[in-house]
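Numbers here are sequence positions counted from 1. In this text the structure is predicted, and so the values were computed from the model without any measurement.
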Amino acid sequence: MLVVLTGGTGGAKLVQGLSLEINPEDLVIVCNTGDDFVLHGLQISPDLDTITYTLAGIGDAERGWGIKDDTFAALEMLGRYGGETWFKLGDRDLATHITRSRLLREGVSLSEITDRIRRVLGVKATIIPMSDDRVETRLVTAAGEISFQEYFVKRHWKDEVKEVSFAGAERSQPAPGVLDAIRRAEAVIVCPSNPVTSIAPILAVPGIRKVLQATQSPVVAISPIVQRLALSGPAHRLMAAAGHEASAAGVAKAYADFLDTIIIAPEDKDLKERIEAMGVETVVSSIRMDSLDDKRRVAREVLASLK
Ligand code: FO1
């Protein structure tokens, strides 16, 4: 069994590749929920949904989020009522948020709801939120403190970020099964997700970092940064805000206390020596995942690095 730590879009590409290269029943995916928020009175969990829809084969691969061929009639009507329309919730996607919100109100945990949704959608891999408790990624900007989705979607990651924090993390507990899965895993894979807003929230849940440090099994990460730029999104800017160098070496350093191997892009091969001096084995390989073939090839590269 392999454990995968992931956020949404970037991580979903590797998760999809892995699910096609090994038996998906052997995958336990621990997913960031720091991006979760409430909109229209509904509990939205973007990363859980992106991973679930991708593995169910209904995700919109081009956008990287939502359901393919979804329509937006409800959103248009919500706008007419004066509701917020900056976060594009599709009609079919809304059914997921309505169901999740109803079950949460009935007292069902987020991890149980996530498991029910993935089973209904025919996903064979196990998907677990990092925690059933509310942990919220907050960003301090010149415009004040805002949530991740306000920063990312509403304000198009234009603000300069001074600080990133995870409200509620210190009181949170890992969701049932997370620590045990990491302890029993043959290997742990850290996806090429944003180290600051996708992976750091997972690591901020008490206990998770400690079991990663303690495991004897290999832990491998794929750099989400190539030549100081994120493969997608604002990871390079947020790395600097969180006090890390915005490079594959900065990613290796952020994870060095539990990481055995990092896979970096050929453009960054000059960083290999510096990263290996941190005690992290460095594999140089193409890590861009634009096509399904790329996703499978990177997945095979990750699996080969575990041997
Ligand atoms: N990202 C956007 O850039 N714009 C959107 O309107 C948007 C809507 C959306 C709806 C449902 C969902 O599950 C995800 C959605 N995302 C959207 C993606 C999301 O904001 C981010 O990709 C993740 O939170 C980052 O991992």
According to a 4.5 Å side-chain heavy-atom criterion applied to Ile, Leu, Val, Met, Phe, Trp and Tyr, with indirect links allowed, do [X] and [Y] form part of one hydrophobic cluster?
X    : Y    : result
L78  : V38  : no
L42  : L104 : no
V190 : F166 : yes
I182 : V4   : no
L5   : V135 : yes

Within this structure, what is the [atom1]-[atom2] distance for the pair [X] and [Y], rounded to the nearest 0.5 Å?
X    : Y    : atom1 : atom2 : value
S193 : I202 : OG    : CD1   : 7.5 Å
R134 : L110 : CZ    : CG    : 9.0 Å
L14  : I287 : CG    : CD1   : 10.5 Å
L94  : T71  : CG    : OG1   : 9.5 Å
Q43  : I113 : CD    : CD1   : 9.0 Å
I146 : T137 : CD1   : OG1   : 12.0 Å

Given the options D36, T114, T96, T52, S45 meets side-chain hydrogen bond (donor to acceptor under 3.5 Å, both in side chains) only with D36
Non-neighbouring partners of P224 that pass side chain to side chain contact (heavy atoms under 4.5 Å, CB included), sequence neighbours left out = P192, P195, V251
Check [X] against [Y] and note the closest heavy-atom contact, atom names and distance.
X    : Y    : value
L55  : A125 : CD1-CB, 4.0 Å
S286 : V298 : O-CG2, 3.6 Å
N32  : G7   : CB-CA, 4.2 Å
A254 : H244 : CB-CE1, 3.7 Å
L292 : Q16  : CD1-NE2, 3.7 Å
V28  : A181 : CG1-CB, 3.9 Å

Given side chains that start at C-beta, do those of [X] and [Y] come closer than 4.5 Å, heavy atoms only?
X    : Y    : value
F87  : Q149 : yes
L48  : T33  : yes
L306 : V220 : yes
V188 : L2   : no
P129 : D47  : no
I58  : L121 : yes
T282 : R274 : no
I262 : V283 : no

Just wondering, more than 12 heavy atoms not from [X] lying within 6.0 Å of its [atom1]?
X    : atom1 : result
K253 : NZ    : no
R288 : CZ    : no
E112 : CD    : yes
E106 : CD    : yes
Q173 : CD    : no

Aromatic ring pairing F152/W157, orientation class (parallel under 30°, perpendicular over 60°, tilted between) = parallel
Determine, for [X] against [Y], whether the closest basic-nitrogen to carboxylate-oxygen distance falls under 4.0 angstrom.
X    : Y    : answer
D49  : R100 : yes
K124 : E25  : no
R209 : D257 : yes
R297 : D293 : no

For side chain to side chain contact (heavy atoms under 4.5 Å, CB included), just list the numbers for L203 and Y255, CA-CA rounded to whole Å, side-chain angles, deciding distance to a tenth of an Å, and then say yes or no.
-> CA-CA 10 Å; L203 301 174; Y255 301 154; 4.3 Å; yes
Short question: side chain of [X], backbone of [Y] - any donor-acceptor pair under 3.5 Å?
X    : Y    : result
D268 : I264 : no
R296 : L20  : yes
S131 : D133 : yes
H236 : A230 : yes
S217 : A185 : yes
E281 : D260 : no
D70  : D91  : yes

Using a distance-only test with no angle check, is there a side-chain donor-acceptor pair under 3.5 angstrom linking [X] and [Y]?
X    : Y    : value
S147 : E150 : yes
Y151 : T197 : no
D93  : Y53  : yes
E301 : S285 : yes

Full working for side chain to side chain contact (heavy atoms under 4.5 Å, CB included) between L303 and L18 | CA-CA 8 Å; L303 296 169; L18 287 167; 4.0 Å; yes
Show the numbers, then the answer: is there a side chain to side chain contact (heavy atoms under 4.5 Å, CB included) between E245 and R228?
-> CA-CA 9 Å; E245 181 182 298; R228 303 193 168 264; 3.7 Å; yes
Run the side chain to side chain contact (heavy atoms under 4.5 Å, CB included) check on I128 and I29 step by step: do they pass?
-> CA-CA 6 Å; I128 320 182; I29 301 157; over 6 Å; no
Under 6.0 Å between the ring centres of F148 and F37?
-> no
Residues pairing under side chain to side chain donor-acceptor pair (under 3.5 Å) where one sits in residues 159-172, two or more places apart or in two chains, turn out to be R155-D159
